2 protein chains.
Amino acid sequence: MTKGILPLAAMEKLLKKAGAPRVSADAKEALREVLEEEAEKIGDKAARLAKHSGRKTVKKADVKEAARS
Amino acid sequence: MTKGILPLAAMEKLLKKAGAPRVSADAKEALREVLEEEAEKIGDKAARLAKHSGRKTVKKADVKEAARS
C-alpha cells in the first residue's frame with residue numbers, strides 16, 4: 001500500500017480523464033502509490049537543488065529541473 | 001498551468017515529506033503539473049491495456065504495467 005497523501009477520488013478522476021471507462025478500487029490505490037513514489041523522488045531532488053543554491057525554499061525551477069532527470 | 005485535479009495542499013505535503021523545508025506556491029503548481037502529466041500517460045496506457053484484455057474496468061495490474069513502461 002501507499003502513504004496515502006493523494007486523495008483516491010482524484011486518482012479516479014485522472015484515470016477516467018485518461019480514457020478509463022471504469023476503475024477498480026485497487027487501481028486507484030496503485031496510481032496513488034506510483035504518483036507518490038514519483039513525487040518523493042522529485043521532491044528529494046528539488047530539495048537538494050534548492051539547498052545547493054543556498055535556499056531553504058523549493059521553487060518552481062527546482063521542481064522542473066528535478067522532474068527532468 | 002495545470003488541469004488542477006490534484007490538491008495543492010497535498011503537493012506541499014509531498015514536497016515537505018521529501019525534505020523541502022519551505023515550498024513556494026508555484027513549486028506546488030509545478031509538482032501538480034508534472035504528476036498530472038504522468039498520471040495521464042499511465043492512465044491512457046492502462047485504459048488501453050484493459051481494453052486489450054476485453055475489460056472496461058481498469059485494474060491494479062493495468063496501472064502497474066502501464067507505470068513500468
Side-chain angles (χ1 to χ4, degrees):
Chain A
M1 258 289 292
T2 172
K3 302 124 200 172
I5 289 173
L6 296 174
L8 290 177
M11 301 303 98
E12 182 166 10
K13 270 188 207 163
L14 288 167
L15 287 167
K16 290 196 166 171
K17 192 165 183 289
R22 281 202 294 261
V23 177
S24 75
D26 62 3
K28 297 178 219 174
E29 286 178 7
L31 183 62
R32 175 164 72 178
E33 188 166 4
V34 169
L35 293 183
E36 292 195 0
E37 277 170 16
E38 182 70 14
E40 183 152 359
K41 281 182 208 162
I42 292 170
D44 177 67
K45 181 145 197 192
R48 285 188 287 116
L49 287 167
K51 195 177 178 186
H52 184 76
S53 303
R55 284 182 277 106
K56 284 194 175 174
T57 304
V58 168
K59 295 186 174 179
K60 179 181 181 174
D62 302 317
V63 173
K64 289 282 187 188
E65 177 59 31
R68 190 170 298 151
S69 46
Chain B
M1 257 288 291
T2 171
K3 300 125 201 171
I5 289 173
L6 297 174
L8 291 176
M11 302 302 99
E12 182 167 8
K13 270 188 207 163
L14 289 167
L15 286 167
K16 289 195 169 171
K17 192 166 183 290
R22 280 201 296 260
V23 176
S24 76
D26 62 3
K28 295 178 221 173
E29 287 179 5
L31 182 62
R32 176 164 72 177
E33 188 165 5
V34 170
L35 293 184
E36 292 194 1
E37 277 170 16
E38 183 71 14
E40 183 154 358
K41 281 182 208 162
I42 292 170
D44 176 67
K45 180 143 198 195
R48 284 188 288 116
L49 286 166
K51 196 177 176 186
H52 184 76
S53 303
R55 284 182 278 106
K56 284 194 175 173
T57 303
V58 168
K59 295 186 173 179
K60 178 180 180 174
D62 301 317
V63 173
K64 290 283 187 187
E65 177 59 30
R68 191 171 298 151
S69 45

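Chain letters run A, B, ... following the sequence lines, proteins first and then strands; every chain starts at 1. Please read all numbers here as calculations on a predicted model, not as lab measurements.
In this structure, A:Glu65 pairs ionically with A:Arg68, as a charged nitrogen and a carboxylate oxygen lie closer than 4.0 Å.
The contact between B:Val63 and chain A is made entirely by side chain atoms (from C-beta outward), counting heavy-atom distances below 4.5 Å. The contact between B:Ile42 and chain A is made entirely by side chain atoms (from C-beta outward), counting heavy-atom distances below 4.5 Å. Contact of B:Ala67 with chain A is made through the side chain alone, with heavy-atom distances under 4.5 Å. For chain A, no part of B:Asp62 is nearby; none of its heavy atoms comes within less than 4.5 Å. Heavy-atom distances place both the backbone and the side chain of A:Ala39 under 4.5 Å from chain B.
Comparing B:Lys16, B:Lys64, B:Arg22 by heavy-atom pairs within less than 4.5 Å of chain A, the highest count is held by B:Arg22. By number of non-hydrogen pairs under 4.5 angstrom with chain A, the leading residue of B:Ser24, B:Gly43, B:Ala47 is B:Ser24. When each of A:Arg48, A:Lys51, A:Lys45, A:Lys59 is checked for heavy-atom pairs under 4.5 Å with chain B, A:Lys59 comes out on top.
Taking CD of A:Glu40 as the reference point, atom NZ of B:Lys17 lies at 5.0 Å (rounded to 0.5 Å). Rounding to the nearest 0.5 Å gives a distance of 10.5 Å between CG of B:Leu31 and CD of B:Glu33.
Not one N or O on the side chain of B:Glu12 forms a donor-acceptor pair closer than 3.5 Å with the backbone of B:Lys28. Between the side chain of A:Glu36 and the backbone N or O of A:Ile5, at least one donor-acceptor pair lies under 3.5 Å.
Tracing side-chain contacts under 4.5 Å through hydrophobic residues (I, L, V, M, F, W, Y), one never reaches B:Leu49 starting from A:Leu14; they form parts of separate clusters.
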